[in-house]
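Below is one structure; the comments refer to it alone.
Sequence lines set the chain letters: A, B, ... in the order given, protein chains first and strands last, and positions in each chain run from 1. Any value given below was found using the heavy atoms of this structure, including those in side chains, with hydrogens, waters and symmetry copies removed.
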There are 2 protein chains.
Amino acid sequence: MENGIPNKIVVAVDTIILAIGKGGLEVLLTQFKYEPYEGRWALPGAVVGVDESLEETAKRILVKRVGDSRLHLEQLYCFGNPDRDARGRSISVAYFALLSEKEKVNNHLTGQYLDMKWFDTKHLPDMAFDHRKIIGVAVEKLAYKLDEIEIIRPLLPTKFTLSELQRVYEILSGKKIDKRNFIKKVKNDETVVLTTEMKTGGAYRPAKLFKFR
Amino acid sequence: MENGIPNKIVVAVDTIILAIGKGGLEVLLTQFKYEPYEGRWALPGAVVGVDESLEETAKRILVKRVGDSRLHLEQLYCFGNPDRDARGRSISVAYFALLSEKEKVNNHLTGQYLDMKWFDTKHLPDMAFDHRKIIGVAVEKLAYKLDEIEIIRPLLPTKFTLSELQRVYEILSGKKIDKRNFIKKVKNDETVVLTTEMKTGGAYRPAKLFKFR
DNA sequence: TCAAAAGTGTTCTGATTACACCCATGT
DNA sequence: ACATGGGTGTAATCAGAACACTTTTGA
């Protein structure tokens with residue numbers, strides 16, 4: 001039962017902004033400028049406004065940091081241990097956001113946003129708060145959701161080759177998979193269909209392009 | 001990024017206490033005594049203490065309402081729409097708790113706790129806040145988690161017949177399943193094993209008792 | 001002896017795994 | 001011509017679904 005007694009807990013949203021990079025799954029972090037976490041890296045976040053839904057807070061962060069709020073956004077978990085923030089009691093509602101075009105963000109990485117950088121989720125820098133753990137939970141959940149190939153959609157451009165799809169699948173699941181078995185899986189699933197176009201311009205043999213339905 | 005600016009948001013934990021009852025899955029609710037939700041039913045909840053973790057808050061609720069905090073407890077979701085509480089801005093971190101012995105709770109349903117009652121999740125009364133929706137999400141998640149039979153453990157006594165196990169499975173999944181197929185599934189799974197005991201005293205033919213490993 | 005729940009096996013289908021070679025292109 | 005990634009099929013195994021009759025007990 002809830003009642004109206006106010007408390008001193010700060011409610012924040014933190015976003016785990018993920019994209020596929022050269023080496024694997026990457027997350028966008030910002031460097032903290034102040035004590036007690038000076039120099040350490042943190043997830044982009046914001047305190048929830050009094051008239052703002054949690055998802056609106058998350059979108060506000062995305063607009064500021066990525067320049068676009070139309071990403072796949074999903075609530076991950078609510079972290080609330082009393083010792084998670086050395087500055088005082090806070091709880092963080094974590095959302096993950098999936099991004100297909102890192103480049104778009106990278107245009108943001110100028111001027112006032114020079115404190116932002118992509119990191120491979122397997123090689124994270126020194127992190128503030130419990131954010132390392134939060135990223136761990138996010139990566140784990142993503143792998144768990146992978147039984148629906150659909151979850152890959154926001155991480156790819158609208159058209160992609162089978163190899164690109166398979167690469168994302170392997171990165172998220174952490175497992176290698178055989179090409180021939182993978183195409184069977186994809187064809188069964190029916191969420192991914194062939195287009196008539198070919199990926200040209202790449203080195204070597206052109207590949208058929210697929211898209212999500 | 002989080003900072004220390006205080007806000008006016010109340011952080012509460014609400015618990016969805018579930019058990020298997022005569023008609024199906026049941027949830028324990030309390031009747032609200034005050035405006036603006038007078039007479040409506042709500043999930044047992046509490047405001048999070050400043051030095052208390054979210055899970056500790058949930059356990060505090062369980063001790064008070066059920067007399068036991070050693071239930072299966074799991075965070076469900078964080079609900080935070082600005083209009084979810086007519087009295088002011090609040091967010092609710094929902095936890096579900098699974099209970100095998102409704103009777104234990106029923107001893108609590110006396111004196112100051114006469115405002116507590118079990119309801120079938122399919123026939124809920126008029127509810128306060130967004131609690132009807134929260135219960136819906138909980139029931140859905142439970143069905144989703146059912147691919148691991150393990151999730152049924154906290155809803156059953158330590159020893160149980162195959163039919164009892166199957167009944168819970170059917171209630172949570174919302175589907176009928178064939179007896180012979182069900183035992184194959186259970187045997188494959190290997191989390192449930194046969195004991196040497198029989199369920200005697202019931203009407204008709206005695207049944208073998210199983211237990212979780 | 002009857003009512004009610006317990007107990008039991010086979011067949012079919014669809015998904016998953018293991019596995020190896022030729023093809024099309026740019027350099 | 002060669003290096004590189006694109007593209008393809010078969011056989012074995014396993015889980016899930018459909019399906020009906022006999023057994024044991026208490027009343």
Checklist outcome for this item: Contacts of A:Pro206 and A:Lys185 projected onto DNA chain C by closest heavy atom; the upstream (5') one is A:Lys185
Next on the checklist: Please report the distance, rounded to the nearest Å, between CD1 in A:Ile149 and C1' in C:dT16.
Outcome noted: 13 Å
Checklist outcome for this item: The residue, A:Lys184 or A:Lys179, whose nearest nucleotide of DNA chain C is more 5′ is A:Lys184
Next on the checklist: Counting distance alone, no hydrogens or angles: does the base of C:dG7 have a donor or acceptor under 3.5 Å from a partner atom on the side chain of B:Lys208?
Outcome noted: no
Checklist outcome for this item: Of the listed D:dG9, C:dG9, D:dG26, the closest approach to the B:Arg180 side chain comes from C:dG9
Item to check | Spacing of A:Lys176 atom NZ relative to C:dT17 atom P, expressed in whole Å | outcome: 16 Å
Next on the checklist: My understanding is that only one of B:Leu155, B:Leu99, B:Leu98 makes a side chain to side chain contact (heavy atoms under 4.5 Å, CB included) with B:Ile20; could you say which?
Outcome noted: B:Leu155
Checklist entry - Can you tell me how far P of D:dA3 sits from OH of A:Tyr204, to the nearest Å? => result 10 Å
Next on the checklist: Output the rounded distance in Å from CZ (B:Phe182) to C1' (C:dT8).
Outcome noted: 16 Å
Checklist outcome for this item: CG (A:Asp178) and NZ (A:Lys185) are apart, to the nearest 0.5 Å, by 12.5 Å
Next on the checklist: Taking the nucleotide of DNA chain D with the nearest heavy atom to each, does B:Asn188 or B:Asn181 sit closer to the 5' end?
Outcome noted: B:Asn188
Next on the checklist: Heavy-atom count check: over 12 atoms from other residues, nucleotides or ligands less than 6.0 Å from A:Glu170 CD?
Outcome noted: yes
Checklist entry - Within the modelled atom types, does a donor on one side and an acceptor on the other bring the side chain of A:Asp178 and the base of C:dC19 under 3.5 Å apart? => result yes
Checklist entry - Closest heavy-atom contact between B:Thr57 and B:Val47? => result CG2-O, 4.0 Å
Checklist entry - Is a donor-acceptor pair below 3.5 Å formed from side chain B:Arg205 to base C:dA6, judging by atom type as modelled? => result yes
Item to check | Whole-Å gap separating P (D:dG6) and CD (A:Gln166) | outcome: 9 Å
Next on the checklist: What is the distance, to the nearest angstrom, from the NZ atom on B:Lys199 to the P atom on D:dT25?
Outcome noted: 16 Å
Checklist entry - Between atom NZ in A:Lys175 and atom P in C:dT16, what is the gap in whole Å? => result 12 Å
Checklist entry - From B:Ile91 CD1 over to B:Asn81 CG, what is the distance, rounded to the nearest 0.5 angstrom? => result 11.0 Å
Next on the checklist: Side-chain N or O of B:Ser163 versus OP1/OP2 of C:dA6: is the shortest distance under 4.0 Å?
Outcome noted: yes
Checklist entry - CG of B:Leu194 versus P of C:dA6: gap in Å, rounded? => result 14 Å
Item to check | Residue closer to the 5' end of DNA chain D, A:Thr161 versus B:Ile177 (nearest nucleotide) | outcome: A:Thr161
